[in-house]
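Below is one structure, written out as structure tokens; comments come after it.
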Amino acid sequence: MQPPFAQYKLIKKIKDDRFDEESLHQYRLLIQLGVRDFQIAVVAASDHRLLFFEDYILADLHTHQELMQLVKTLFEEHSILQAGFWMEVKVSIKNNKFVQVPAAVFQSDKALDYLKFNARVDTTAETVLFCQNTTQDIVTVFAIQSDLYEWLCGIYKNTKLNFFHQSAALIEGVSVYSNKLSNSPLYLYVDRFKLHVLSAQKGKLIYYNQFVISQFSDYVKYIMLAMNGLKMDQQTSEVLLWGYIGKKSPHYTEFVKYIRNVNFGTRPENLGFGYMFDEVQEHHFFDLYSLDLLSA
């Protein structure tokens, strides 16, 4: 029996008929890790088709050591995660220790100094990394636990491995998504434990912020704060919504009481999806899908 700190639950698994474990060297592996959740996706490099997807909920942990043990257990018990011969592996970290810096003023040797403006960093236990958005002149500086970073580097030492932050993936996804729209809605991503608010116009990021949510009223408070700052009208301005919220959920019903013009976003167009993914709502996992837009 697994100890209490090594518990995880597979919520959703989808495998395309075209997925072939003998062809991992032709696939990109996407990994997204948060404190309480974990997702993986496999993308065929030839046609950018999503071939494999899993979503996990992790146990309510108390220390990073417990999280490390849980993640190691998950990897050990997984059929493909420990394979070392992927074409590329992209890891996205979900945490509060990040900051966005304009690329024009960014200096790599100052990365720690930038991050200290927005977060407390323990340099004895954390490694500071950074990634640049593909279409934006923005560098995201973020922290990752050093033992997690070194462990993942060891597993994927024989393949191309890059680390990113969830905020960079969302910024890239929304920026690209905004290119196809004639208007400029407010974009929301409702995570399991946070709210991400973005604004972009014709491919250019205007606003991004992440908020921790402790009760439902926080959603409305932070959305109103962003809309007021962007001079948007809560009755007429469109809001596009992605994330862990159902179209018939109580949260959505409450949303439309305060913000009238709410619609759900669709999947980004960078990936192709087979019919088996029809069981996943289109506004789910936008951050994971958008991770594949980033490159180092």
Side-chain angles (χ1 to χ4, degrees), residues 1-16 19-45 50-95 97 125-129 131 142-166 168-169 191-193 244 271 277 280 284-285 287-292 294 296:
M1 179 181 293
Q2 290 183 358
F5 58 79
Q7 293 179 348
Y8 57 85
K9 182 178 181 181
L10 178 62
I11 301 297
K12 177 73 69 175
K13 177 176 181 176
I14 300 176
K15 184 165 69 171
D16 192 300
F19 178 75
D20 180 8
E21 287 195 21
E22 300 300 319
S23 301
L24 300 189
H25 61 288
Q26 299 176 18
Y27 300 154
R28 294 189 294 273
L29 173 64
L30 312 181
I31 297 174
Q32 183 165 249
L33 175 62
V35 175
R36 292 289 307 280
D37 63 337
F38 177 83
Q39 296 87 37
I40 66 171
V42 176
V43 179
L50 192 65
L51 299 179
F52 186 94
F53 166 82
E54 289 182 340
D55 176 36
Y56 292 86
I57 288 288
L58 308 182
D60 188 5
L61 307 174
H62 302 289
T63 68
H64 170 69
Q65 288 70 30
E66 291 179 355
L67 176 63
M68 273 298 301
Q69 182 58 54
L70 186 154
V71 172
K72 287 181 178 179
T73 300
L74 196 160
F75 269 63
E76 289 168 0
E77 296 179 349
H78 202 278
S79 61
I80 62 173
L81 275 177
Q82 293 200 99
F85 41 87
W86 300 91
M87 174 178 284
E88 183 178 2
V89 178
K90 299 180 181 183
V91 178
S92 175
I93 300 299
K94 297 170 59 171
N95 62 25
K97 296 191 176 186
E126 295 174 315
T127 298
V128 177
L129 304 175
C131 60
F142 60 100
I144 179 175
Q145 292 287 334
S146 297
D147 55 352
L148 173 63
Y149 173 70
E150 293 165 3
W151 179 71
L152 288 170
C153 287
I155 290 178
Y156 301 118
K157 62 184 177 181
N158 295 320
T159 190
K160 181 181 179 182
L161 171 64
N162 289 302
F163 290 84
F164 302 94
H165 193 269
Q166 179 196 25
D191 207 340
R192 284 185 166 110
F193 312 100
Y244 298 92
L271 297 177
F277 285 91
V280 178
H284 286 185
F285 307 109
D287 52 350
L288 180 69
Y289 301 153
S290 296
L291 174 60
D292 203 44
L294 296 171

Problem set entry | side chain to side chain contact (heavy atoms under 4.5 Å, CB included) between I11 and D37, worked out | CA-CA 10 Å; I11 301 297; D37 63 337; over 6 Å; no

Problem set entry | Step-by-step side chain to side chain contact (heavy atoms under 4.5 Å, CB included) determination, K12 to F285 | CA-CA 12 Å; K12 177 73 69 175; F285 307 109; 5.6 Å; no

For this session: Decide side chain to side chain contact (heavy atoms under 4.5 Å, CB included) for E54 and H78; before the verdict, give the C-alpha distance in whole Å, the side-chain angles of both, and the deciding distance to 0.1 Å.
Result: CA-CA 11 Å; E54 289 182 340; H78 202 278; 2.6 Å; yes

Problem set entry | Residue pair V35, L61: steps toward the side chain to side chain contact (heavy atoms under 4.5 Å, CB included) verdict | CA-CA 8 Å; V35 175; L61 307 174; 5.9 Å; no

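Rounded to the nearest 0.5 angstrom, F53 CZ and Y289 OH are separated by 5.5 Å. The distance from the NZ atom of K9 to the CG atom of D55 is 11.5 Å, given to the nearest 0.5 Å. Of the inter-residue distances, the one linking D287 atom CG with Q166 atom CD reads 5.0 Å to the nearest 0.5 angstrom. Here the CZ-CD1 distance, from F75 to I40, works out to 8.0 Å after rounding to the nearest 0.5 Å. Atom CZ of residue F164 and atom CG of residue L129 lie 11.0 Å apart, to the nearest 0.5 angstrom. Expressed to the nearest 0.5 Å, how far CG of L29 lies from OG1 of T159 amounts to 9.0 Å.
Aromatic pair Y156/F85: ring centres not closer than 6.0 Å.
I31 is listed as a side-chain neighbour of L81, based on a closest heavy-atom distance under 4.5 Å. At a threshold of 4.5 Å between non-hydrogen side-chain atoms, the residues C131 and N162 do not count as touching. Counting heavy atoms from C-beta outward, L70 and F38 have side chains that stay 4.5 Å or more apart. Annotation: side chain of L58 is in contact with side chain of L67 (closest heavy-atom distance under 4.5 Å). A 4.5 Å side-chain heavy-atom check between T63 and M68 finds every atom pair outside the cut-off. Side chains of L161 and V91 form a contact here, defined as non-hydrogen atoms less than 4.5 Å apart. Side-chain contact check for M87 versus H25: every heavy-atom pair is 4.5 Å or farther apart.
The two atoms that bring Q39 and Y244 nearest to each other are NE2-OH, 3.4 Å, heavy atoms only. Nearest approach of A143 to N95, heavy atoms of both residues: O-ND2, 2.8 Å. Across E126 and S146, no two heavy atoms sit closer than the pair C-OG, 3.1 Å. Residue W86 comes nearest to I80 through the heavy atom pair CZ2-O, 3.5 Å, listed as atom of the first residue, atom of the second, then distance. A125 and Q145 make their closest contact through O-OE1, 3.3 Å (heavy atoms, listed as atom of the first residue, atom of the second, distance). For the residue pair L50 and A41, the shortest heavy atom distance occurs at CD1-CB, 3.5 Å.
Under the 30°/60° scheme for interplanar angles, the aromatic rings of F163 and Y149 are found to be tilted. Taking the six-membered ring where tryptophan is involved, the planes of F52 and F19 are tilted, since the angle between them lies from 30° to 60°.
Between the Y27 side chain and the D20 main chain, a donor and an acceptor come within less than 3.5 Å of each other. A side-chain donor-acceptor contact under 3.5 Å links K90 to the backbone of D292.
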